[in-house]
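Encoded as structure tokens, the structure appears first; notes follow it.
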2 protein chains.
Amino acid sequence: MVTIADVARHAGVSSSTVSYVLSGKRAISEETRSRVQSSVRELGYHPNAGARALAARRSHIIALMVPLRTDVYVPVMMEIAIAVTTAARRHGYDVLLITNDEGPDGVRRIAASGLADGLVLMDVELDDERIPVLRAQGTQAALIGLADDARGLSCVDHDFAAAGALCANHLADLGHRDVAFIGYGSGVYHRHAGYAERTIAGFRSQAEERGLRFLHRTCEGTYESTAGALARVLADRPRTTGFVVQNEGAIGPLLSLLRTSGRTVPEDASVVALCQDQLAEQFAPRLTAVTGSAQDLGRVAVEQIMRRLAAANDGGRPADDRVLLTPVLTVRDSTGPAPRLP
Amino acid sequence: MVTIADVARHAGVSSSTVSYVLSGKRAISEETRSRVQSSVRELGYHPNAGARALAARRSHIIALMVPLRTDVYVPVMMEIAIAVTTAARRHGYDVLLITNDEGPDGVRRIAASGLADGLVLMDVELDDERIPVLRAQGTQAALIGLADDARGLSCVDHDFAAAGALCANHLADLGHRDVAFIGYGSGVYHRHAGYAERTIAGFRSQAEERGLRFLHRTCEGTYESTAGALARVLADRPRTTGFVVQNEGAIGPLLSLLRTSGRTVPEDASVVALCQDQLAEQFAPRLTAVTGSAQDLGRVAVEQIMRRLAAANDGGRPADDRVLLTPVLTVRDSTGPAPRLP
DNA sequence: TGCTGTCAGCGAAGCGTTTCGACGTTGGCA
DNA sequence: TGCCAACGTCGAAACGCTTCGCTGACAGCA
């Protein structure tokens with residue numbers, strides 16, 4: 001194992017000088033710097049992470065807490081996780097993966113052991129029990145998702161209300177009057193997942209503003225469940241011509257079911273999906289969809305943590321901020337003018 | 001911050017005694033043990049990770065290197081990642097997430113800095129350039145996937161050859177004579193991804209044994225690409241009645257296309273998917289599918305690393321092992337007896 | 001009674017960094 | 001020419017833990 005002392009000896013300087021060359025925290029003559037740097041390269045020196053963390057009281061690790069749940073679209077989670085990792089590396093940080101099932105104790109463990117300098121929390125509930133722990137430990141954290149009380153924290157999320165509103169507007173613009181919103185399973189709403197509630201709220205208020213009549217139906221994302229939801233919609237409002245789906249698992253079934261029931265998309269029924277573009281492109285017809293960038297979510301969360309860390313290090317109190325990413329509606333082949341109904 | 005010295009003072013013992021209570025590496029009287037343990041609880045002590053790593057020369061972290069690529073089914077990657085994390089926690093380990101784009105340098109960095117005690121590599125290519133680095137650094141590692149030369153490493157993977165064979169057998173049993181294999185995009189085969197090659201190989205040899213005539217077509221997983229692949233199959237072998245799909249993105253399109261072309265599944269055409277059960281259940285009709293457990297993959301990899309770590313710690317040379325998980329074929333509604341063709 | 005062995009616990013020496021204060025050396029300025 | 005500040009470098013003290021060797025105390029045995 002190559003240590004800083006080996007590098008120092010090789011370069012003919014003291015180990016503190018090597019440390020300063022590497023950290024850039026003090027002025028070093030150009031000549032010494034380059035000599036040290038070539039010794040580092042030549043010996044293949046990598047600072048010992050444990051020793052560094054101990055001495056500097058910074059682990060250069062941020063923890064990412066991911067849900068075990070699979071009722072949300074998994075590729076999005078993965079995309080966020082990878083974006084967090086990539087962004088963190090750009091700041092010289094590594095990412096520790098923690099699962100949600102460790103709960104508040106997990107947060108305590110990570111914070112108290114100094115394993116991580118900061119925490120990114122995914123799948124945050126409106127009233128999340130990890131948040132008080134975070135505050136108590138004084139850990140720097142960024143939430144992906146919005147919490148009721150985010151004092152002392154940073155948040156970033158898609159603007160789901162705007163996304164819902166975009167859907168309502170688009171269908172209204174096309175002349176639809178009766179529309180249905182096929183959402184997540186009831187469990188998602190019961191645990192007050194912010195993204196689900198905010199989407200519906202945004203959709204609802206815009207729908208009302210535009211004079212749309214609408215139904216909201218929960219759906220577990222299976223074929224049967226989708227069939228049930230659709231059947232209830234058509235039973236209650238046979239004249240429904242516009243559909244908004246916020247449940248990746250329900251998209252395929254919904255398209256099949258509409259076809260089976262003799263409705264052609266987009267001539268007889270329009271479908272707007274709230275999902276990633278990549279997924280929207282996979283269906284036939286391609287889906288008009290509302291999306292936000294999952295990567296941006298991860299990237300922004302990391303930047304928020306880095307800002308907080310820097311502020312805390314300068315003795316300041318990190319400013320709380322709250323970023324909402326604007327969603328985009330991409331018109332494809334699954335939406336069209338409302339049909340004339342008999 | 002609570003240190004081991006605080007706990008020692010609180011319990012009226014020396015800090016080495018606290019350490020021994022926590023690690024169990026020396027005999028401690030029952031009375032002392034319980035006194036220390038309650039001090040630990042009362043003070044909320046968590047050992048400082050950096051100090052522990054420095055002194056014990058063990059970080060209690062394993063690194064997981066995940067692909068950035070998205071041409072493999074992402075939920076499977078996530079499932080593996082979560083299984084690795086969960087399994088590692090059961091052994092008192094945490095998981096560091098590294099992305100593939102760091103390549104061999106990433107491996108070097110992690111190993112040389114002592115950040116992780118072991119490494120789990122996903123998406124291993126047959127001739128992977130990270131492997132020599134692993135060997136050179138003497139890092140304990142487990143590969144998910146099979147490499148050409150795995151000396152000094154442990155491997156675990158699905159038995160893809162057996163999976164391919166299962167598909168061929170199933171279709172042959174049902175009386176199909178002309179079958180098609182819709183695979184991944186050509187890039188996957190060009191980089192010699194083991195899972196893709198081994199599936200085809202297993203399928204091919206069993207198909208030959210059973211006297212099946214078959215075609216292999218690559219497919220990018222989009223609607224167009226699937227349409228192209230299917231069109232070529234039907235042009236070359238119009239009597240094809242059996243389909244094997246190993247490409248999650250192609251499943252939905254394939255089913256739609258078969259329907260559009262006037263073929264009912266399973267009466268006119270049978271479809272076997274190589275995909276997770278969860279996905280297979282989402283389609284209509286539900287798909288007969290061949291699967292292995294992604295969770296087991298992660299769990300086994302962690303156990304392999306733990307074994308290697310334990311062996312290395314006892315001064316021994318860790319035994320290389322290579323585990324192949326047996327896949328399972330679940331018959332659902334997408335396969336049936338071959339139709340009588342005119 | 002003295003010797004040996006076991007058991008519990010203690011003290012101190014690291015582990016490899018970072019960082020603070022100190023110390024020559026220069027150069028600029030009066 | 002003398003003084004001071006800035007610069008570049010060094011030495012040493014942490015950082016909080018693990019672990020090795022040692023020491024009493026006590027029991028068993030001859």
Side-chain angles (χ1 to χ4, degrees), chain A residues 1-37 39-40 43-61 92 109 111-117 313-315, chain B residues 1-37 39-40 43-61 92 109 111-117 313-315:
Chain A
M1 178 187 206
V2 184
T3 72
I4 200 173
D6 297 327
V7 176
R9 208 171 307 123
H10 187 272
V13 296
S14 75
S15 56
S16 52
T17 301
V18 175
S19 177
Y20 285 125
V21 167
L22 261 26
S23 70
K25 292 190 180 175
R26 276 201 187 175
I28 297 285
S29 71
E30 187 45 44
E31 194 220 322
T32 307
R33 181 203 316 290
S34 67
R35 199 146 36 88
V36 168
Q37 277 166 344
S39 294
V40 165
L43 300 179
Y45 170 68
H46 288 267
N48 179 283
R52 188 149 85 118
L54 178 57
R57 312 162 139 272
R58 279 218 170 195
S59 65
H60 289 269
I61 289 178
R109 182 175 73 85
S113 68
L115 225 190
D117 299 333
N313 208 36
D314 298 349
Chain B
M1 177 187 206
V2 184
T3 72
I4 200 173
D6 297 327
V7 176
R9 207 172 307 122
H10 188 271
V13 296
S14 74
S15 55
S16 52
T17 301
V18 176
S19 177
Y20 285 124
V21 167
L22 260 26
S23 70
K25 291 191 181 175
R26 276 201 187 175
I28 296 285
S29 70
E30 188 44 45
E31 193 222 323
T32 308
R33 180 203 317 288
S34 68
R35 198 146 37 86
V36 168
Q37 277 166 344
S39 293
V40 165
L43 300 180
Y45 170 68
H46 287 267
N48 179 283
R52 190 151 84 117
L54 179 57
R57 311 162 137 271
R58 280 218 168 195
S59 64
H60 288 271
I61 289 178
R109 182 175 74 85
S113 68
L115 225 190
D117 298 333
N313 209 37
D314 299 349

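Below, read A as the first sequence line, B as the second, and so on, with proteins coming before strands; counting in each chain starts at 1.
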Task: Sorted by number, the residues of residues 49-56 of chain B with heavy-atom contact under 4.0 Å to DNA chain C - done: B:Leu54, B:Ala55

Task: Partner residues of A:Arg9 under the salt bridge (Lys or Arg N to Asp or Glu O under 4.0 Å) criterion, sequence neighbours left out - done: A:Asp6

Task: Strand-adjacent residues in residues 27-36 of chain A, judged by heavy atoms under 4.0 Å from DNA chain D - done: A:Ala27, A:Ile28, A:Ser29, A:Thr32

Task: Contacts of A:His10 that satisfy ring-ring contact (aromatic ring centres under 6.0 Å, His included) - sequence neighbours left out - done: none

TODO: Only counting residues at least two apart or in another chain, list the ones meeting salt bridge (Lys or Arg N to Asp or Glu O under 4.0 Å) with B:Arg109.
DONE: A:Asp94, B:Glu102

Task: Positions of residues 14-24 of chain A (non-hydrogen atom under 4.0 Å from DNA chain C), listed by number - done: A:Ser16, A:Ser19, A:Tyr20

Open item on the list: Looking at B:Leu115, is its backbone amide N or carbonyl O close enough to the side chain of B:Ser59 to form a donor-acceptor pair, meaning the two atoms are under 3.5 Å apart?
Closed with: yes

- [ ] Return the angle between end axes of the helix from C:dT1-D:dA30 to C:dA30-D:dT1, with five pairs used per end and rounding to 10°.
- [x] 50°

Task: Contacts of B:His46 that satisfy ring-ring contact (aromatic ring centres under 6.0 Å, His included) - sequence neighbours left out - done: none

Open item on the list: Suppose the criterion is side chain to side chain donor-acceptor pair (under 3.5 Å): which pairs have a residue in residues 21-30 of chain B, not counting sequence neighbours?
Closed with: B:Ser29-B:Thr32, B:Glu30-B:Arg33

TODO: Could you list where the contact with chain B starts and ends along DNA chain C, reading 5' to 3', using a 4.0 Å heavy-atom cut-off?
DONE: C:dA8 to C:dG16

Open item on the list: Treating B:Ser113 as the side-chain partner and A:Ala49 as the backbone partner, does any N or O pair qualify as donor plus acceptor under 3.5 Å?
Closed with: no

Open item on the list: What is the first contacted nucleotide of DNA chain D and what is the last, in 5' to 3' order, if contact means an atom lying under 4.0 angstrom from a heavy atom of chain A?
Closed with: D:dG8 to D:dG16

TODO: Report the residue (A:Arg26 or A:Ile4) whose heavy-atom-nearest nucleotide on DNA chain C is the more 5′ of the two.
DONE: A:Ile4

- [ ] Please list, chain by chain and in numerical order, all residues satisfying side-chain hydrogen bond (donor to acceptor under 3.5 Å, both in side chains) with A:Ser16, sequence neighbours excluded.
- [x] A:Ser14

